[in-house]
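Residue numbers start from 1 in every chain, and the chains themselves are labelled A, B, ... in the order their sequence lines are given, proteins ahead of strands. Hydrogens, waters and symmetry mates are skipped; everything else that's a heavy atom, side chains included, is used.
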Amino acid sequence: MGKKYQEYKQLDLTAINKDIFKYWEENNIFENSLKLRQGSKEFIFYEGPPSANGQPGIHHVMARAIKDIFCRYKSLKGYYVARKAGWDTHGLPVELGVEKNLGITKEDIGKNISVDDYNAACRAEVMKYKDLWDRLTKEMGYWVDLENPYITFKNEYIETLWFLIGELYNKGLLYKGYTIQPFSPAAGTGLSSHELNMPGCYKDVKDTTMVAQFKIKSDEYKEAYFIAWTTTPWTLPSNTALAVGTNIDYVWVDTFNPYSAKPITIILGKPLMNSFFSEESKDSPMEYNQNDKVLPYRVIKECKGKELVGMEYEQLLPWVKPQEGAFRVIGGDFVTTDDGTGIVHIAPTFGADDDRVAKQSGIPPLVLIDKEGKRQPMVDRSGKFFKIEELDNDFVENNINRELYSQFEGKYVKNAFDSKLTEKDISLDIEIALLLKQENKAFKIEKHIHNYPHCWRTDKPILYYPLDSWFIRTTALKDRMIELNKTINWKPESTGTGRFGNWLENLVDWNLSRSRYWGTPLPIWRTEDGKEEICITSVEMLSNEIGKSIAKGYMEENKYSSKDYNNFDLHRPYIDDVILVSSKGEKMIRETDLIDVWFDSGAMPYAQVHYPFECSENELKKNFPADFIAEGVDQTRGWFFTLHAISTLVFDSVAFKNVVSNGLVLDKNGNKMSKRLGNGVNPFEVIEKYGADATRWYMVSNSQPWENLKFDIEGVDEVRRKLFGTLYNTYSFFALYANIDSFEYKEAEINYEERPEIDRWILSELNSLIKMVDSSYNEYEPTRAARAIGNFVDEYLSNWYVRLCRRRFWKGEYTNDKISAYQTLYTCLEVISQLMSPIAPFFADRLFLDLNNVTRRYKSNDNSSISSVHHTDFPKVDEKLQDKALEERMQLAQKICSMVLSLRKRNNLKVRQPLQKIMIPTPNQEFIFQIESVEKLILSEVNVKKIEFLSPQNNILIKKAKANFKTLGPKYGQKMKAIALSLEQLSQDRISEIERDGKIYIDINGEKIELLTSDVDIVTQDIPGWVVLNEGNITVALDTTITESLLREAIARELVNRIQNIRKDKNFEITDFINVEIEYNSLLEQTIEEYRDYITGETLTQELSLVRKSDNFSLFMGNHKMESVSKIDVIEGIELEINISKV
RNA sequence: AGUCUCGUAGCUCAGUUGGUUAGAGCACUACACUGAUAAUGUAGGGGUCGGCGGUUCAAAUCCGCCCGAGACUACCA
């Protein structure tokens, strides 16, 4: 006696999830899946490192499901798929988390907390939620090696980064420069362009903006002003130039200052007149009082922008004297007349364009000199105006107007930077605006909503600020990067060509520097004058250089000489203590910058294997480039870019060949999930409630991964019911009967040719499915695969194959037909478990193991039963079993059945009522042939005795001719409409003519047109006297006559149905035999006489008797108790008592 | 502001190279079925395929403009 198939009371995906997880853990299923493929061809996968200092969300389940699906698929296909986990451990989020925990700001570092302690805190912070992440990884069934992850803060990892930076340095791709950069005073750091491009950084903010008046130096005009608009009035004290568009028309306008009512002349771009003056006030008298609504004006002169270039004006806010050459009008190619005044205020220290155009025109920036003699913009790094005491004494003496500047020194330029201020307080912008208003220098002050960049971590505004920085000259290899990108298979393609491609086209140099503490230090040491420098490319080199330094007496000990990397730390502050010696014997100090954390993650292909120190180039090539990576689309400019940049720059190669970038996971209303809205979905709760399989399946099947997913928990439940519920039912059905018959797949395979049509059909569909799913996975189209599997399970397997084959399982002897049915259904279930295993790894394994533990069809080398579906080979398509014609036939059968059922419904004829026949008009013998081979299925499904075919010649048919637009369209073009109309009106005779002759001539506007059979679709529309349904090219007629004999047959079936129901009510086993007594009725007597065998056979009845019921109940035969008597309603109006008992 | 993606039933999505009744599931309503039963079937309602224009004999499909959503880019005054 063999094993039994496991039977379950109900489907519990969460329990399956947990059981299988435990089973995997206990039996090392993941490790063994790797061992199994050792030595096979490798499929290289890179895990994008998450940062464990934040909690995982539901979108991480999405991204990781995608990764897992393809790694599992490739593993089934025979590849060795190493999956090394990784952790991103550097960067601002970590530092900010620490600052929050310790209640410090960056200014406290080194003062109130030692840099040492600070770094230690960072190390702890980095892995804050590691346990939670590991839990999610496991619970969602993501197979990745959590035991040996790469960690970006390890010395080995950093050493590889130094090596890579050295490569760039030696190729001349690394340089130090200064540019106006986005700078976050709140975070105290410059921001890279990809940080600035993090989603949500640009926000609409309401700021005070003003149009300021810059007084023209002129003898001719006493009160003439250029007017310029700014959204950042705090930059006005740093103004040193005005820019005009050389080809733009400007007007000189006599008018009044709206605040002071003084008469003035202003210059502005002609197209912008409307935003300051209304057409009607053109002729108003030149009189103006404060608060008048109408501002009168006269245009007195027009000129081109180039005529204005070179004009000088007075400094707007003469707080600080700049160098010579300031306060001139210059030409700027970026000036537009879309908004503002057509004249742009230029503050070279606070705008990238400003800086560029000022340099071109020889305009000096407005700079201060601090106590150390360094040139500084007017604003310091915390976002406030420098205090006078912080500045060089001589400079203050010669250049600063103490009286004016002292009112503003130390003020923050944005309230957000000042912990003492809120958004409601008066901002510096407003103060400056009010000051200028008093001085008759403000033409217009208003609140304005505009898009302004914010720091992605602190959420506070950024400033554009001049900073020293190290850059990677990515622009030098821009073309190569573009070229290599074309070889990458992007999913979706548009992300690669569009988003990523455009980004490469507009590439700027990569700003590598970060002024922070916790990160990879820039390995460059410089002499004080910057004339000599060295780039350290390994720990060994560092140690050697330190040796020289010790010899020179600059250092006392060498902490970096150990071979054991646990004995030292390459991080700040330790590395800052290293002083090296230049070739000329001068001290060299490390450049204090850290490098961009994105460099960390972009370098992971090399750093995870500690290239080139513990890994040769040949070994590296075994793990590079990746065959496949996947992350959210938000990584396009992040990880995807840095991987691509480093691999191109250093190795002249792509870093990945295939990439799937998945979309965002939104809430069910399409809103972004955020803590603020509280609409986030907790992944642990979802997995706990519905299991990882349903969650994963929902995410993958609902929409393409690169579309945004509107996550609706109802959808997960629907997947549970529709897919897993159906599949579970199908398995349960199989298990129930297979256990009764002890089917263990021990018999030889029934020959394909000997299997019934329906078995051959489902096997054909199954093989088509394998092919479809295989190619979908292979093309990184998981949605297509999931939908195909779902459709097969629901439509084909459950609702057609099992439904039609039920009798084969529960009736009769253990014949070849029955074995064929078992084998076929078993095969389907087994293959489904394999096909679905990448997406639903737990459920698939449960299903597979439940099957295989009985049959042991899959065995390991040691002849024991194989221990997981994930250890099998992906099913192979058997093309011999694919029979397209058969698939079509079955589709036809399904359609005809559905039509007949529909006819029954309309005519109120229950399926249990047998009917005599259906009639189907057929255009040709081929069609008859097709239907004949599925005839039995149709007849039994719709409970009809026979199918009659009506030949086209049959003249009772009413037919309709329709134009075949596809063939006629190209031939007749404009005449199409007339032809179509004419065909629709064709008489029955004329239609017969086409059928007989194979062609017909019709007359369109006097022109004779020949139409062939192929140009015309002829459809039977009606058969007079019959109930008819017509769909597409199929027509079905139903004979609705119910004869006496058909009625009796119906009664017999009703009776079987009632007896079965009672059996079930009484909880009899399906194998129990019964005795049945029914109250006498003449109609029944005849029926039972005729159908006794059928009834008793169906219901396992030993004795079936009709009993006359007298006036009292005592006449019931036998000794059965009264309670077992039920009443049944056999057919309408006849209610009888029935008594059923077990034998 | 620009670039890209998208807009089909109340909801989630299909819809081949343009071809004439625009589909499925969910939800809703009614009816049926019932040794798979917390399953299933049939029928029904529900769509000017975002809008307008164009190309074409023929447009959900191709083109242009506009509206709306999202992502990305952006020094934007």
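- When the C1' atom is compared between B/C52 and B/A59, the two are found 15 Å apart, to the nearest whole Å.
- Nucleotide B/A77 holds its P atom 21 Å from the CD1 atom of A/Ile363, rounded to whole Å.
- The aromatic rings of A/Phe734 and A/Tyr5 sit perpendicular, their planes meeting at an angle over 60°, well past the 30° parallel limit.
- With hydrogens and angles left out, the side chain of A/Thr232 and the base of B/A77 share no donor-acceptor pair within 3.5 Å.
- For A/Asp712 and B/G10, the CG to P distance is 17 Å, given to the nearest whole Å.
- When Watson-Crick and G-U wobble pairs are counted only if both distances are under 3.5 Å, B/C65 pairs with B/G51.
- In this structure, CG of A/Leu804 is placed 21 Å from P of B/A39, rounded to the nearest angstrom.
- B/U29 and B/A58 are spaced 38 Å apart, taking the C1' atom of each and rounding to whole Å.
- Ring planes of A/Phe792 and A/Tyr796: perpendicular class, angle over 60° (limits at 30 and 60°).
- At a threshold of 4.5 Å between non-hydrogen side-chain atoms, the residues A/Asn729 and A/Phe733 do not count as touching.
- Position along RNA chain B of the nearest nucleotide to A/Tyr728 versus A/Ser703 favours A/Ser703 as the more 5'-ward residue.
- Look at the P atom in both B/G41 and B/C26: the space between them is 8 Å, to the nearest Å.
- Ionic pairing of A/Lys491 and A/Glu781 is present here: one or more N-O contacts between side-chain nitrogen and carboxylate oxygen are shorter than 4.0 angstrom.
- Centroid-to-centroid, the aromatic rings of A/Tyr698 and A/Phe711 come within less than 6.0 Å.
- Note on ring orientation: taking the six-membered ring where Trp is involved, the planes of A/Phe809 and A/Tyr801 are perpendicular (angle over 60°, cut-offs 30° and 60°).
- Applying the 4.0 Å criterion to OP1 and OP2 of B/U12, one finds that A/Tyr698 has every side-chain N and O outside that range.
- Across every strand in view, B/A30 sits in a pair with B/U42 that passes the Watson-Crick or G-U test at under 3.5 angstrom.
- Pair assignment for B/A36: none, as no Watson-Crick or G-U wobble contacts are both less than 3.5 Å.
- For the pair A/Lys9 NZ and B/A39 P, the interatomic distance rounds to 19 Å; values are reported in whole Å.
- Applying the Watson-Crick and G-U wobble criteria (two distances, each under 3.5 Å), B/G70 pairs with B/C4.
- Residue A/Thr730 places its side chain closer to B/A36 than to any other of B/C76, B/A36, B/A14.
- The NZ atom of A/Lys722 sits 7 Å away from the P atom of B/G41 (whole-angstrom rounding).
- A/Ser798 comes within 4.0 angstrom of a nucleotide base, judged by non-hydrogen atoms across all strands.
- Here the P atom of nucleotide B/U12 and the CZ atom of A/Phe711 are 15 Å apart, to the nearest Å.
- Residue contacts for A/Asn729: at a heavy-atom cut-off of 4.0 Å it reaches a base atom on one of the strands shown.
- Annotation: B/G18 and B/A74 have their C1' atoms spaced 39 Å apart (nearest Å).
- The partner of B/A24 is B/U12, judged by Watson-Crick or G-U wobble contacts that both fall below 3.5 Å.
- At the heavy-atom level, A/Gln10 lies under 4.0 Å from base atoms of the strands shown.
- Between A/Gly342 and A/Ser898, the one whose closest nucleotide on RNA chain B sits nearer the 5' end is A/Ser898.
- Considering only side-chain N and O atoms, A/Arg721 lies under 4.0 angstrom from the phosphate OP1 or OP2 of B/A27.
- The distance between the ring centers of A/Phe640 and A/Trp503 does not fall below 6.0 angstrom.
- B/G25 atom P lies 19 Å from atom CZ of A/Arg720, rounded to whole Å.
- Across the P atoms, B/U17 and B/A9 are found 22 Å apart, a figure rounded to whole Å.
- Listed nucleotides B/G70, B/G41, B/A36 differ in distance to A/Leu901; the shortest reach to its side chain belongs to B/G41.
- For the OP1/OP2 pair of B/G41 and a distance below 4.0 Å, the side-chain nitrogens and oxygens of A/Asn799 include at least one atom meeting the criterion.
- Summarising the base pairing, B/A77 is matched to no nucleotide, lacking a Watson-Crick or G-U wobble pair whose two defining distances lie under 3.5 Å.
- Remark: A/Asn702 is in phosphate contact with B/C13, judged by side-chain N or O atoms under 4.0 Å from OP1 or OP2.
- At whole-Å resolution of the value, CH2 in A/Trp503 and P in B/U5 are 20 Å apart.
- Residue A/Ile343 is classed as having no contact, given no heavy-atom separation below 4.0 Å to the nucleic acid.
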